[in-house]
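Remember, it's a predicted structure, so these values are computed and weren't measured experimentally. In what follows, chains carry the letters A, B, and so on, assigned in the order in which the sequence lines appear, proteins first and then strands, with residues in each chain numbered from 1.
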Amino acid sequence: MKSFRKELMIQLPSRRGLVNITGKVDQALKQSGIREGLILVNAMDPTSSIFVSDDESGLHQDFETWLEQLAPEKPYEQYCHNGRCNNADAYLKRQLMGREAVIAITDGYLDLQRWEQIFYFEFDGMKEKHVLIKVIGE
Amino acid sequence: MKSFRKELMIQLPSRRGLVNITGKVDQALKQSGIREGLILVNAMDPTSSIFVSDDESGLHQDFETWLEQLAPEKPYEQYCHNGRCNNADAYLKRQLMGREAVIAITDGYLDLQRWEQIFYFEFDGMKEKHVLIKVIGE
Amino acid sequence: MKSFRKELMIQLPSRRGLVNITGKVDQALKQSGIREGLILVNAMDPTSSIFVSDDESGLHQDFETWLEQLAPEKPYEQYCHNGRCNNADAYLKRQLMGREAVIAITDGYLDLQRWEQIFYFEFDGMKEKHVLIKVIGE
């Protein structure tokens, strides 16, 4: 069994935002040399998410609106966690979008359907964040 | 390390619906010959979900009602994604129910509690969809 | 490839509650002797969750409040599943917090960011529940 590890660094200029990281995950997979196995992609911070969906800007706007409805940023005082910080909503939004994606590796490729892409969703940006890519297999 | 891949095809006659796929996942596991490892089961489309829960029809009705409350199908115009299509709610519902289940394989069996079953949840049906089963181990 | 399996037993004195199980997962990892691979930690019951977040009591109170808003326990009669039982909300809350965490094992350690911890979230307590830890790798 082989294993491979890589970290991506992401720093967004805004509180929230979405980044398509499919190309970088694919690059890590190629570097690993692994052709059959599993790849784990996870946010290394509890205020951001990794998820698999379509790359369509209207959809991404719908996600943003929906997350703000279900876990609004403001008023900050509604959350116990907010005091020295104001990011409680980011932890809730992250639960809705998830921490990780586990994707099959088949014949050296990410085993996704044609239009599926891997996204990083930032909910508490303007600081350095990390994404972990771990591949195991042969 | 051994690996095994199988795709299930699912086509529902309705927009939404729930299918118990435990038997088919178990069958794939038997075909793989793998006795210790992990099995990944994931929807191959961002408008459907795989999740683990109980097989109780009242509960399944509660999921349907709850998902419609948190991510309503209509009015279609409330979503930016809807224009040529009308399935934006399906992407949101899928986030609540999840993309994938990773399940331990122990002694050749799906390592689930007695009553747990693996479900496919369709949110944008009446077309051909796929589920990926990937097993790695020995 | 090596594999290792361990079950944790958890019984809370209340309906809902949060337990930091990072130490126990770490102990299982050490017992496994595996230094590179993946560890799966999952609730063995569809009314409880495993998730990765920060160990901050204000945040945990925010999770509790938020879950009660999105999937309220009462009135019990609002759910079809409730009849002989009254735990339908527990199944919904579990979907928001997730079933499992898959974590990379690197150099013998849980490959988490410094402050991240692994939590068990109980939504239907006062009975014996189990958590499965499965490690695969080398």
For Ala43(B), which atoms come within 4.5 Å of any heavy atom of chain A: side chain, backbone, both, or neither?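 Looking at Ala43(B), just its backbone touches chain A.
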Contact summary for [X] and [Y], nearest pair of heavy atoms:
{"X": "Leu40(B)", "Y": "Ala104(A)", "value": "CD2-N, 3.5 Å"}
{"X": "Pro46(B)", "Y": "Gln113(A)", "value": "CD-NE2, 4.4 Å"}
{"X": "Arg94(B)", "Y": "Val52(A)", "value": "NH2-O, 2.9 Å"}
{"X": "Phe63(A)", "Y": "Tyr91(B)", "value": "CE2-O, 4.0 Å"}

Closer than 3.5 angstrom, by distance alone: can the side chain of [X] be matched with the main-chain N or O of [Y] as a donor-acceptor pair?
{"X": "Asp62(A)", "Y": "Tyr79(B)", "value": "no"}
{"X": "Arg99(B)", "Y": "Ser53(A)", "value": "no"}
{"X": "Glu56(A)", "Y": "His81(B)", "value": "no"}
{"X": "Glu36(A)", "Y": "Lys2(B)", "value": "no"}

Any side-chain heavy-atom pair of [X] and [Y] under 4.5 Å:
{"X": "Leu38(A)", "Y": "Lys134(B)", "value": "yes"}
{"X": "Asp111(A)", "Y": "Met44(B)", "value": "yes"}
{"X": "Gln95(B)", "Y": "Phe51(A)", "value": "yes"}

- What do the steps show when you test Ile136(B) against Ile136(A) for side chain to side chain contact (heavy atoms under 4.5 Å, CB included), and what is the final call? CA-CA 10 Å; Ile136(B) 70 165; Ile136(A) 69 166; 3.9 Å; yes
Inset, instruction - Check the surroundings of atom NZ in Lys30(A): do more than 12 heavy atoms from other residues, nucleotides or ligands lie under 6.0 Å from it? - result: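 Yes, because the 6.0 Å sphere around NZ of Lys30(A) holds more than 12 heavy atoms from other groups.
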Over 12 non-hydrogen atoms of neighbours within 6.0 angstrom of NZ in Lys6(A)
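Yes, NZ of Lys6(A) has more than 12 neighbouring heavy atoms, counting only those of other groups under 6.0 Å.
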Rounded distance (nearest 0.5 Å) linking atom CG of Asp107(A) with atom CZ of Arg5(B):
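Rounded to the nearest 0.5 Å, the CG-CZ separation comes out at 10.0 Å.
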Q | Value rounded to 0.5 Å, distance of OG in Ser3(B) from CD1 in Ile34(A) | A |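 So the gap between those two atoms works out to 11.5 Å.
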I'd like to know which of Val102(B), Asp45(B), Val135(B), Thr47(B) tops the heavy-atom pair count under 4.5 Å against chain A.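 It is Asp45(B).
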- Message: Under a 4.5 Å cutoff for heavy-atom pairs, which residue among Leu67(A), Leu70(A), Leu112(A), Leu96(A) has the most contacts with chain B?
- Response: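 Option with the top pair count is Leu96(A).
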Inset, instruction - Under 4.5 Å, counting heavy-atom pairs only, tell me which of Met1(A), Met97(A), His60(A) racks up the most with chain B. - result: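 Highest number of pairs under 4.5 Å: Met97(A).
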### Query
Glu138(A) versus chain B, heavy atoms under 4.5 Å apart: side chain, backbone, both or neither?
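Glu138(A) touches chain B through backbone and side-chain heavy atoms alike.
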